[in-house]
Asker: 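Following this message is one structure expressed as structure tokens.
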Amino acid sequence: MSVSQLTQAERDAALAELDGWSLRGDGKAIECGFEFDDFVDAFGFMTRVAILAQSQDHHPEWFNVYNKVEITLTTHDADGLSQRDVKLAKAIDKLV
């Protein structure tokens, strides 16, 4: 199944709807950082994101140190941002 990359207008509109997410320097991904009280809270969040990502069959690139989680979303099949990234970012935002 082919996945379409968002146009610049679609990308700009999506970013306007996402709180705290920013466009990566190359324009092919969105990124957001989350901070929690401690490692257990951060890991719990990552677990909830993992279950959500698996249900959407769309998996984040992420990095965790203690109470901080950094998430990057991109669609490799589209070689950039797609509606799948926007959908997952909105769902992730509902978890915090």
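Here the structure is a predicted model, which means the values were calculated and not measured.
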Asker: I want to check something: taking the side chain as every heavy atom from C-beta on, are W21 and I92 in contact at a cut-off of under 4.5 Å?
Answerer: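 Yes, side chains in contact.
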
Asker: Tell me whether N67 contacts the main-chain N or O of E35 through its side chain, where contact means a donor paired with an acceptor under 3.5 Å.
Answerer: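 The answer is no, because no donor-acceptor pair under 3.5 Å joins these two groups.
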
Asker: To the nearest 0.5 Å, tell me how far D79 CG sits from T74 OG1.
Answerer: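 The distance works out to 7.5 Å.
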
Asker: For the residue pair D85 and H58, establish whether any side-chain heavy-atom pair is separated by less than 4.5 Å.
Answerer: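 Yes; the side chains approach each other to less than 4.5 Å.
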
Asker: Under 30°, 30 to 60°, or over 60°: which ring-plane class applies to F39 and F43, parallel, tilted or perpendicular?
Answerer: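 The rings of F39 and F43 sit tilted, inter-plane angle from 30° to 60°.
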
Asker: Give me the atom names and distance for the closest heavy-atom approach of S4 to A78.
Answerer: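 Smallest heavy-atom distance, with atoms named: C-CB, 4.0 Å.
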
Asker: Would you compute the distance between atom NE2 of H76 and atom CD of E61 and round it to the nearest 0.5 angstrom?
Answerer: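 Between atom NE2 of H76 and atom CD of E61 there are 4.5 Å.
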
Asker: Looking only at heavy atoms, what is the nearest atom pair of S82 and T75, with distance?
Answerer: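 Result for this residue pair: OG-OG1, 2.6 Å.
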
Asker: If I take atom CD from residue Q5 and atom NZ from residue K28, how far apart are they, to the nearest 0.5 angstrom?
Answerer: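 The distance works out to 7.0 Å.
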
Asker: I'd like to check D93 versus F34 (side-chain heavy atoms, cut-off strictly below 4.5 Å). Are they in contact?
Answerer: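 Of all side-chain heavy-atom pairs linking F34 with D93, at least one is under 4.5 Å.
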
Asker: So, for G20 and C32, which heavy atoms are closest and what is the spacing to 0.1 Å?
Answerer: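 Reported closest heavy-atom pair: O-SG, 3.4 Å.
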
Asker: I'd like to know if the side chain of R84 reaches the main chain of D57, judged simply by a donor and an acceptor atom lying under 3.5 Å from each other, with no hydrogens or angles considered.
Answerer: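 Yes; judged by distance alone, with no hydrogens or angles, the pair exists.
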
Asker: Kindly compute the distance separating NE2 (H59) from CG (L52), expressed to the nearest 0.5 Å.
Answerer: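 Rounded to the nearest 0.5 Å, the NE2-CG separation comes out at 10.0 Å.
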
Asker: Please name the pair of heavy atoms, one in V86 and one in A14, separated by the smallest distance, quoted to 0.1 Å.
Answerer: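 The answer is CG2-CB, 3.5 Å.
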
Asker: How long is the gap from CD on Q83 to CG on L81, to the nearest 0.5 Å?
Answerer: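 It comes to 10.0 Å.
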
Asker: Which of these passes side chain to side chain contact (heavy atoms under 4.5 Å, CB included) with V49: L88, V96, L95?
Answerer: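 Checked L88, V96, L95 against V49; only one passes side chain to side chain contact (heavy atoms under 4.5 Å, CB included): L95.
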
Asker: Give a yes or no on whether a salt bridge exists between R24 and D26, defined as a side-chain N under 4.0 angstrom from a carboxylate O.
Answerer: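 Salt bridge: yes.
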
Asker: For side-chain contact (heavy atoms from CB on, under 4.5 Å), just list the numbers for D38 and Y66, CA-CA rounded to whole Å, side-chain angles, deciding distance to a tenth of an Å, and then say yes or no.
Answerer: CA-CA 7 Å; D38 55 32; Y66 184 59; 3.6 Å; yes

